[in-house]
Amino acid sequence: MSASVQSALSGLVLAAAVAMPALADGLKDEIAPTGKLRVAIAISPAGGAFWSTRTETGYTGVPVELGKEMAAQLGVGVEYVVHQNSGQITDAASKGTWDVTWLPKDPERESKMMFGPIYEVADATYIVKAGSNVTSFASLDQPGIKVAAVNATTTMRGAVAHLRNAEVTGYQTYDEIFGLLKSGEIDAFALSRDQLNKMAQKIPGTKVLDETFKKTVTAVAVPLGHNRALTFVTKFMNEATINGTLRKAYDNNGLKDSPIRTE
């Protein structure tokens, strides 16, 4: 090998060595600009693949575990940014208050953030109050029927589009709606079937309707324009699905019997 070729190769190796940290620094500057990975979570006792729960020592939930693992891969600490629902997370997407999140995806949100792989597909339906004569979507969609949904969520938008006669009202928290359903102040609550089935066990006499009005998909997301971050979180989720990280997060959060559903 000639001296000139050796010199050229040495130059390429040096350039690559310099470029790799630069790329890594560029990613961290975008995905963790504060030095920590700020993970947006929504707090509720509803459980499932999206909601997180407050504990005596911090937080638990699928997004909590995924955020912790992602931060570890980046070599930074993790900080959880708490919201009451996915609508609040969406509203904060342009404010620079969070770096990554896992939440239901729909066309409206795609204009406000960028999504990576879907990891959950849920059937949305309604639970009706105890003593209700409602047994189907047809009997639910009547004037005077009060249906609740978590405000500014994909499920609420789906319910508004689905029901032509019943009144759909948004509330900020799951807990508030739970109380209204239990006291009989609302007729129904729109949410994913798995969460409503758990709710039915806590409020005797309530019934989850058999029909489905919407498929809700949940995915990882980053703010608009964070292209390096999107590439990283997409790779992370694809690997998490294969290597068992996602399955472990499900199992640790009461979802051992729930399959991981992707498109």
Side-chain angles (χ1 to χ4, degrees), residues 21-44 48-54 58-122 150-158 170 172-174 216-241 245-246 249 262-263:
L23 285 174
D25 289 343
L27 171 62
K28 286 186 180 181
D29 288 344
E30 184 175 278
I31 199 170
T34 64
K36 291 184 177 181
L37 182 68
R38 297 170 299 171
V39 179
I41 58 174
I43 297 298
S44 165
F50 159 65
W51 294 100
S52 297
T53 304
R54 196 187 305 272
Y59 306 99
T60 186
V62 173
V64 170
E65 292 206 22
L66 293 176
K68 182 178 180 181
E69 179 62 26
M70 183 178 287
Q73 286 194 19
L74 289 165
V76 299
V78 63
E79 177 184 341
Y80 299 107
V81 184
V82 176
H83 300 79
Q84 293 182 312
N85 57 56
S86 59
Q88 289 185 354
I89 295 175
T90 302
D91 290 342
S94 63
K95 298 178 181 178
T97 56
W98 58 261
D99 305 311
V100 66
T101 190
W102 286 264
L103 80 173
K105 168 185 175 182
D106 68 9
E108 181 170 326
R109 288 182 177 167
E110 287 183 284
S111 69
K112 299 179 180 179
M113 61 187 78
M114 299 190 298
F115 286 89
I118 292 167
Y119 68 97
E120 168 72 357
V121 182
V150 180
N151 193 51
T153 60
T154 61
T155 304
M156 178 174 174
R157 285 190 282 274
Q172 286 298 320
T173 68
Y174 170 100
T216 301
V217 297
T218 305
V220 65
V222 297
L224 288 176
H226 290 202
N227 297 308
R228 283 194 185 101
L230 180 62
T231 298
F232 175 79
V233 302
T234 296
K235 181 175 181 290
F236 173 88
M237 287 303 296
N238 287 335
E239 291 177 350
T241 303
T245 298
L246 182 55
T262 61
E263 280 193 334

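All of these numbers come straight from a predicted model, not from anything done at the bench.
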I'd like to know if the side chain of [X] and the backbone of [Y] have a donor-acceptor N/O pair within less than 3.5 Å.
X	Y	value
Y174	N85	no
E79	L37	no
T101	A40	yes
R54	S44	no
E30	A229	yes
T218	W102	no
E69	E65	no
Y80	V64	yes

Which heavy-atom pair separates [X] from [Y] by the least distance, and what is that distance?
X	Y	result
L103	R109	CD1-NH1, 3.9 Å
I41	P63	CG2-CB, 4.2 Å
L74	K28	O-CE, 2.8 Å

Give, for atom CG of N151 and atom CE of M156, the distance between the pair rounded to the nearest 0.5 Å.
5.0 Å

Between CZ on residue R228 and CG on residue D29, distance to nearest 0.5 Å:
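Interatomic distance, R228 CZ to D29 CG, rounded to 0.5 Å: 8.0 Å.
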
Would you check if T216 and V121 make a side-chain contact, meaning some heavy-atom pair closer than 4.5 Å?
no

I'd like to check the side-chain contact (heavy atoms from CB on, under 4.5 Å) partners of T234; sequence neighbours left out, ordered by chain and number.
P117, L230, N238

